[in-house]
Amino acid sequence: MYYSKLLIPTLKESPADAEVVSHKLMVRAGMIRQMAAGIYSILPLGLRVLRKVEQIIREEMNQIGGQEVFLPSVQPAELWAESGRWDFYGKELLRFKDRNDREFCYGPTHEEVITDIVRREVKSYRQLPITLYQIQTKFRDEVRPRFGIMRGREFTMKDAYSFHATEESTHETYSSMANAYSRIFKRCGLDFKMVEADSGTIGGNFSHEFVVLASSGEDCIGFCNSCDYASNLEKAETKTSPINTESPLPEDLNEVATPKKKSVEEVTQFLRVSPNTLIKTIIFETDQGLVAGLVRGDREVNPVKLKNLVGCEWLIPASENLIAKTTGLPCGYLGPVGIKLKVFADKEIPPMSNSIAGANKIDTHLTGIQFKRDLKVEKIGDIRSVNEGDPCPKCKSGKYKIKRGIEVGHIFILGKKYSESMQALYLDDQGKEKPMIMGCYGIGVGRTAAAAIEQNHDEQGIIWPISLAPFQAVILPVNFSDDAVHSAAKKIYKSLWELGVETLLDDRPDRLGVKFKDAELLGIPIQIIVGPKNLGDGKIEIKLRKTGESQLISFPEEIAYISTILSEL
RNA sequence: CGGGGCGUGGCGCAGCCUGGCUAGCGCACCUGCUUUGGGAGCAGGGGGUCGGAGGUUCAAAUCCUCUCGCCCCGACCA
């Protein structure tokens with residue numbers, strides 16, 4: 001394609017509102033333009049890249065027996081009422097009414113729609129398992145869209161759903177999905193990790209995220225420096241620390257004055273003790289009322305883990321106001337002894353003896369707390385956050401490392417959540433009606449492309465992996481009005497397309513410098529520079545975007561050379 | 001939702017505090033000539049209800065009120 005005919009509005013300067021590199025570069029390279037907060041137009045170059053990602057996804061989905069469908073983006077409220085999510089999904093669900101005042105929403109996800117299709121059309125265990133997928137535009141009215149296409153409100157997502165008669169079958173599909181996902185992200189040239197993710201109340205290792213490592217990522221993942229354990233930090237398990245064998249004589253409860261000492265740091269300094277002798281009491285607001293979480297003084301409560309232990313629908317840190325209203329105390333003097341809330345303790349708490357905590361009395365703490373004797377707790381479990389350097393829960397010698405990443409994919413076993421509420425039933429070989437078991441699997445298409453830029457760029461611009469590049473090669477004629485250059489450039493252009501190489505010919509009348517800058521910004525892997533001087537010597541210059549290496553090749557041999565390079569990239 | 005910031009031509013900004021001529025600058029765009037191996041030079045040119053509404057004033061981009069939009073910082077998700 002000829003550059004002058006394409007809409008590639010490149011910019012020298014980054015838009016003022018762009019934060020992360022991928023956003024800046026996508027705008028500068030003329031791939032995307034913003035319409036409204038979190039809503040973008042995709043321009044020709046951007047679309048070429050997204051199509052590449054989609055194509056890779058399609059191939060791998062089809063490979064594992066997925067069937068592509070295309071579901072409605074506008075969905076009736078009744079369907080959501082059936083699953084119970086119409087009331088449950090908050091403001092993120094974009095709702096509207098049609099002319100007859102019927103309620104609809106713009107689909108943020110498609111469990112309801114797919115379950116409806118399958119329950120109507122699939123009746124027998126003989127038809128199971130089945131995996132359906134689509135690549136769709138979705139809308140989630142996020143509180144705070146940001147980072148361009150990486151976290152928009154409107155976004156393209158591949159979502160797949162599988163339906164099964166048995167758990168074994170579910171797990172089979174789950175693991176072939178996991179493999180397909182790994183192949184997809186590998187083919188996209190990404191450095192990623194498959195990590196265990198929070199699966200909510202369902203439990204078990206039935207949820208994994210695919211996370212592209214990038215400092216700009218919004219997710220934190222913990223992984224072992226020795227074995228292959230990796231987990232989203234909100235789920236990352238902890239190893240029970242060895243119990244203190246030398247149990248000192250249990251002391252009696254004792255009130256000590258700790259005027260104005262509220263934080264763990266202040267209290268430990270004041271009492272000259274180490275933080276791991278303290279019990280920290282953190283109050284959370286949940287749909288089941290206020291609860292207290294207990295962790296050691298040197299630990300933090302992980303809200304996701306606590307939520308799962310409590311078994312509630314939602315959980316947020318209680319505001320200081322709310323705490324004051326219910327307990328009559330400022331934060332800092334709260335403690336588990338005699339508190340009138342449901343108490344959930346981290347598994348590190350029971351082995352502690354002679355510990356210290358707030359006395360539920362202003363300016364006062366309690367010492368000599370014995371877990372068994374003094375505390376009444378609802379449940380004990382793993383509710384603390386992992387820190388870098390903590391021992392790996394899966395292997396002997398490993399330690400946790402923590403890195404940021406971008407979640408590009410998520411696979412999840414849904415179980416019978418939707419099939420039960422929406423009556424997606426099949427007849428088993430005994431003629432008995434049973435709910436299907438479901439799995440769901442998502443990939444953020446635009447986010448994957450953005451993540452690729454986060455990982456592959458330099459000061460000049462994008463450096464596309466060959467598999468995602470909008471064009472594999474660009475021809476840069478030094479002076480396109482020079483007859484020899486003109487005809488050589490066109491000849492190369494023609495041969496490359498015949499070879500199946502997507503090639504851009506920069507036919508603009510601009511100087512070479514301009515063409516170089518744009519070619520680098522756009523990140524096209526191979527640059528072919530055709531100049532009158534080299535051409536006079538029968539040479540063409542071929543330069544690689546990634547390394548900057550360039551080589552002079554004899555004019556009639558450049559096509560063969562390029563196809564060799566392509567096979568190596 | 002809470003806290004903060006910004007809205008001036010397509011993009012990036014100045015001007016605002018301390019109201020006062022046809023509202024500026026860089027980039028981009030159009031025309032012509034020259035130029036052509038790293039974002040060219042000269043000459044000419046087009047494009048702006050200063051986000052919107054109301055108010056104060058002889059006079060408002062500038063001051064006041066309201067409003068809309070966008071962005072950033074804290075609890076969710078692909």
Side-chain angles (χ1 to χ4, degrees), chain A residues 9-20 23-24 27-28 30 33-39 57 89-93 108-110 135-160 181 197-198 200 209-212 217-219 232 234 284-285 303-304 307 314-319 321 405-412 440-451 460-461 476-482 485 508-521 527 529-535 541 543 548 550:
Chain A
T10 59
L11 299 173
K12 285 185 190 172
E13 289 176 281
S14 299
D17 51 22
E19 272 270 296
V20 296
H23 185 192
K24 288 181 187 165
V27 174
R28 284 192 55 208
R33 287 293 184 265
Q34 189 180 70
M35 250 283 114
I39 300 177
I57 294 173
Y89 227 99
K91 286 193 165 184
E92 246 177 54
L93 185 62
T109 175
H110 285 70
I135 295 176
Q136 248 287 13
T137 300
K138 313 219 182 230
F139 194 93
R140 293 183 189 169
D141 201 351
E142 296 250 8
V143 181
R144 199 148 90 75
R146 54 185 145 172
F147 302 157
I149 219 183
M150 196 140 96
R151 192 187 167 93
R153 293 193 292 171
E154 185 175 278
F155 59 99
T156 305
M157 180 179 166
K158 185 284 304 182
D159 49 330
Y181 271 42
D198 174 47
E209 287 172 354
F210 289 77
V211 177
V212 170
E218 293 181 277
D219 279 17
N232 191 303
E234 51 183 41
F284 290 85
E285 196 183 343
V304 175
K307 173 180 159 257
W314 55 268
L315 177 146
I316 53 168
S319 68
N321 272 339
I406 301 160
E407 181 189 357
V408 289
H410 197 164
I411 58 177
F412 200 99
C440 86
Y441 320 90
I443 292 179
V445 174
R447 187 180 278 192
T448 300
Q460 309 305 317
L476 307 175
V478 171
N479 180 354
F480 200 53
S481 54
D482 179 291
V485 169
R508 295 176 300 174
D510 299 79
R511 302 158 71 95
L512 218 223
V514 175
K515 301 184 189 185
F516 266 131
K517 289 290 179 196
D518 278 334
E520 278 150 14
L521 176 60
Q527 298 168 0
I529 302 116
V530 184
K533 233 184 268 167
N534 282 330
L535 210 54
E541 181 181 341
K543 191 171 173 187
S550 84

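Here is the naming used below: chain letters follow the sequence lines, and residue numbers restart at 1 for every chain.
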[atom1] gap between [N] and [M], integer Å:
N	M	atom1	result
B:A23	B:G69	C1'	23 Å
B:G5	B:U65	P	14 Å
B:C58	B:C11	C1'	38 Å
B:G3	B:U8	P	25 Å
B:G74	B:C27	C1'	37 Å
B:G47	B:C29	C1'	9 Å
B:A53	B:C68	P	15 Å
B:C72	B:C66	C1'	24 Å

Distance in angstrom units between [X] [atom1] and [N] [atom2], rounded:
X	N	atom1	atom2	value
A:Tyr89	B:C76	OH	P	14 Å
A:Leu315	B:A75	CG	P	13 Å
A:Glu285	B:C1	CD	P	18 Å
A:Phe155	B:C77	CZ	P	12 Å
A:Lys91	B:C1	NZ	C1'	7 Å
A:Asn232	B:C77	CG	P	11 Å
A:Lys307	B:A75	NZ	P	16 Å

What string of B, S and - do you get for nucleotides 29-41 of chain B, 5' to 3', when a contact is any protein heavy atom under 4.0 Å?
-> ------BBBBBB-
Per-nucleotide protein contact string for nucleotides 67-74 of chain B (B base, S sugar-phosphate only, - none; heavy atom under 4.0 Å) = ---SSSB-
Which part of the nucleic acid, if any, lies within reach of [X] when heavy atoms closer than 4.0 Å are counted: base, sugar-phosphate only, or nothing?
X	result
A:Asp219	base
A:Gly152	base
A:Ile443	nothing
A:Ser14	sugar-phosphate
A:Pro15	sugar-phosphate

Closest heavy-atom pair, A:Ile529 versus A:Leu512, reported as atoms and distance to 0.1 Å, is CG2-CD1, 4.5 Å
So, for A:Lys158 and A:Val445, which heavy atoms are closest and what is the spacing to 0.1 Å?
-> N-CG2, 4.0 Å
Record whether the side chain of A:Arg151 comes under 3.5 Å of the base of B:C76 through a donor-acceptor pair of N or O atoms.
-> yes
Suppose we define a pair by two distances each less than 3.5 Å, Watson-Crick or G-U wobble; what does [N] pair with here?
N	answer
B:G32	B:C42
B:G12	B:C25
B:G48	none
B:C6	B:G69
B:U56	none
B:G74	B:C1

Worked check of side chain to side chain contact (heavy atoms under 4.5 Å, CB included) between A:Phe210 and A:Ile443 | CA-CA 9 Å; A:Phe210 289 77; A:Ile443 292 179; over 6 Å; no
N/O donor-acceptor pair under 3.5 Å between [X] side chain and [Y] backbone:
X	Y	value
A:Arg28	A:Leu11	yes
A:Tyr181	A:Ile411	no
A:Arg447	A:Val408	no
A:Lys515	A:Val478	no

May I ask you to say whether A:Glu142 pairs ionically with A:Arg151, meaning some side-chain N is under 4.0 Å from a carboxylate O?
-> yes
Do the side chains of A:Asp518 and A:Arg508 get nearer than 4.5 Å, heavy atoms only?
-> yes
For the residue pair A:Met35 and A:Glu154, establish whether any side-chain heavy-atom pair is separated by less than 4.5 Å.
-> no
What's the verdict on side chain to side chain contact (heavy atoms under 4.5 Å, CB included) for A:Gln527 and A:Glu520, showing C-alpha distance, side-chain angles and the deciding distance?
-> CA-CA 9 Å; A:Gln527 298 168 0; A:Glu520 278 150 14; 3.6 Å; yes
Let me see the working for A:Lys138 and A:Asp159 under side chain to side chain contact (heavy atoms under 4.5 Å, CB included), right down to the final yes or no.
-> CA-CA 10 Å; A:Lys138 313 219 182 230; A:Asp159 49 330; 2.6 Å; yes
Could you check which of B:G26, B:A75, B:C1 has an atom nearest any side-chain atom of A:Glu13?
-> B:G26
